[in-house]
Colleague: 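There's a structure below that I have some questions on.
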Amino acid sequence: MKILVLNAGSSSQKSCLYEITGEAVLTKPQSPVWEGKLEWTSSQGVAEMKVKTATGESLQQQLSLSTRAQVIAHLLETLYKGPTRVIDKLSDIDVVGHRVVHGGREYQESVVITEEVKQAIARLCSLAPAHNPDNLEGIEIVEQLLGQVPQVAVFDTAFHSSMPDAAGIYPGPYEWVEQGIRRYGFHGISHQYCAARVAQILDRDLTTIRLIVCHLGNGCSLAAVKNGRSVDTTMGFTPLDGLMMGSRSGAVDPGILIHLWRQGNYTAEQLDSVLNKKSGLLGISGISNDMRQIRKAIAEGNFRAQLAWDIYVHRLRFYIGAMLASLGGLDALAFTAGVGENVPEIRAAACVGFEFLGLKLDAQKNFAQPLDADIATPDSTVRVLVISTQEDWAIAAECWRLVK
Ligand code: ADP
């Protein structure tokens, strides 16, 4: 089965083609035969396209096409044309899977896309204005290019739909609940994949593990997993809540927004931009949203970079403590995504507060670039793991499950 995955971000579009011959088992990730990435970096609408195949062919181009649809169509052309060709024609693709950021209360599992599903994704654009419109556009582009191919929506909110109301509902007026203003949580595809992979690596049944997954990328969130289900998470109504992130603030006192609003000079768009694009590591350091740049600046003695690091670590420990309370104990702590997988100092700092649980990190294993590995000492009462998250594979596995 040939499965195309489209994973749209606010300024990027990733895509993979998987060729599955046997069974698609979630915890046995396969490598894609073709991978493409588009990044819109400049304000002129120029997109940088990078494509590579499993056999080592690659292609890099700058595209200045006028619409996103044209750019994506060009990317998909490299599947069957030029040096990165891996199929004869687009109609060879059996199913297309999409990461859809917001599934609201309606979608608690992945679904085959119908007109009704498309309408729901469109309705939910008001809850995820930076993502759902691009997800919907991706679905429509595929309809135009591939006609009646089955398409599957895999929702980033779905895994958290099992959160109990006490964790999911904000203590505002009850009307908020009726208006759908509640905690949805995001990164669900990654959290769910990592939870399954942790159980597999530990050779245990996931339903017996109280687990915290720390997804630390540009966006950051934690999930508390109990009985195999998400029971709490740090992101909320939007992906802005919770941990300090690359350029997002995470949770701040909502009174700050009222204060800024009353002082004047801030429109909703400006507040949105401050909290989503000018805060977090970037906002505090004034240097970058990228942890690599922060670490470089710290090594050069930069005070604000050090402060950004300190706040990031403090908030990480703070929310691990909160998830711990929701779980009522801890059997495993997993780190994933760009920072979680690559920065041993963050993992070590996150664990520092939790030795009282009997958690002991093996320093040597932690610094040995572990991937999909247990880095706790043998006598640690809490296992600590580094997991390479495989969102695209998880989407492909869902497509296989639904369409096989
Ligand atoms: P996204 O949330 O965009 O999917 P990723 O999971 O790829 O992001 O994480 C991106 C972030 O991970 C970067 O901004 C950077 O801060 C961090 N990162 C990636 N690789 C490294 C590394 N080798 N060392 C330190 N930080 C890294």
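Counting starts at 1 for both ligands and their atoms, following the listed order.
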Colleague: Parallel, tilted or perpendicular for Phe186 and His102, by the 30°/60° rule?
Modeller: perpendicular

Colleague: Quick check: closest heavy atoms across Gly340 and Val386, and the distance to 0.1 Å?
Modeller: O-CG1, 4.1 Å

Colleague: Starting from atom 1 (P) of ligand 1, what is the nearest protein heavy atom, named by residue and atom, and what distance separates them?
Modeller: Asn218 N, 3.8 Å

Colleague: Test Val403 against every option in Val96, Val95, Val149 by the side-chain contact (heavy atoms from CB on, under 4.5 Å) rule and name the one that passes.
Modeller: Val95

Colleague: Thinking salt bridges, do Arg210 and Asp331 make one under a 4.0 Å N-O criterion?
Modeller: yes

Colleague: Checking a contact table here: which protein heavy atom is nearest atom 24 (N) of ligand 1, and how many Å away?
Modeller: Arg292 CG, 3.3 Å

Colleague: Taking the inter-plane angle between the rings of His187 and His215 on a 0 to 90° scale, is it parallel (under 30°), tilted (30 to 60°) or perpendicular (over 60°)?
Modeller: parallel

Colleague: For ligand 1, which atoms have a heavy atom of Gly219 less than 4.0 angstrom away?
Modeller: 2 (O)

Colleague: Taking C-beta and beyond as the side chain, do Lys37 and Glu39 meet within less than 4.5 Å on heavy atoms?
Modeller: yes

Colleague: Which residue supplies the protein heavy atom nearest to atom 4 (O) of ligand 1, what is that atom called, and how far is it?
Modeller: Lys14 NZ, 4.2 Å

Colleague: On a heavy-atom basis, I'd like to know which of Thr336, Asn342, Leu282, Thr389 is closest to atom 22 (C) of ligand 1.
Modeller: Asn342

Colleague: Answer yes if the side chains of Gln390 and Ser388 hold a donor-acceptor pair under 3.5 Å, and no otherwise.
Modeller: yes

Colleague: Please identify which atoms of ligand 1 are closer than 4.0 Å to at least one heavy atom of Met291.
Modeller: 15 (C), 16 (O), 26 (N)

Colleague: Report yes if some N/O of Leu216 lies less than 3.5 Å from some N/O of ligand 1; otherwise report no.
Modeller: no

Colleague: What's the shortest distance from atom 6 (O) of ligand 1 to any protein heavy atom, and which residue and atom give it?
Modeller: Gly338 N, 2.9 Å

Colleague: For ligand 1, which atoms have a heavy atom of Ala337 less than 4.0 angstrom away?
Modeller: 6 (O)

Colleague: Using heavy-atom distances only, which candidate in Ile294, Asn289, Val339 approaches atom 17 (C) of ligand 1 most closely?
Modeller: Val339

Colleague: At under 4.0 Å between heavy atoms, which part of Asp290 makes contact with ligand 1: side chain, backbone, both or neither?
Modeller: both

Colleague: Among side-chain atoms of Ser15 and Glu35, is any donor-acceptor pair under 3.5 angstrom?
Modeller: no

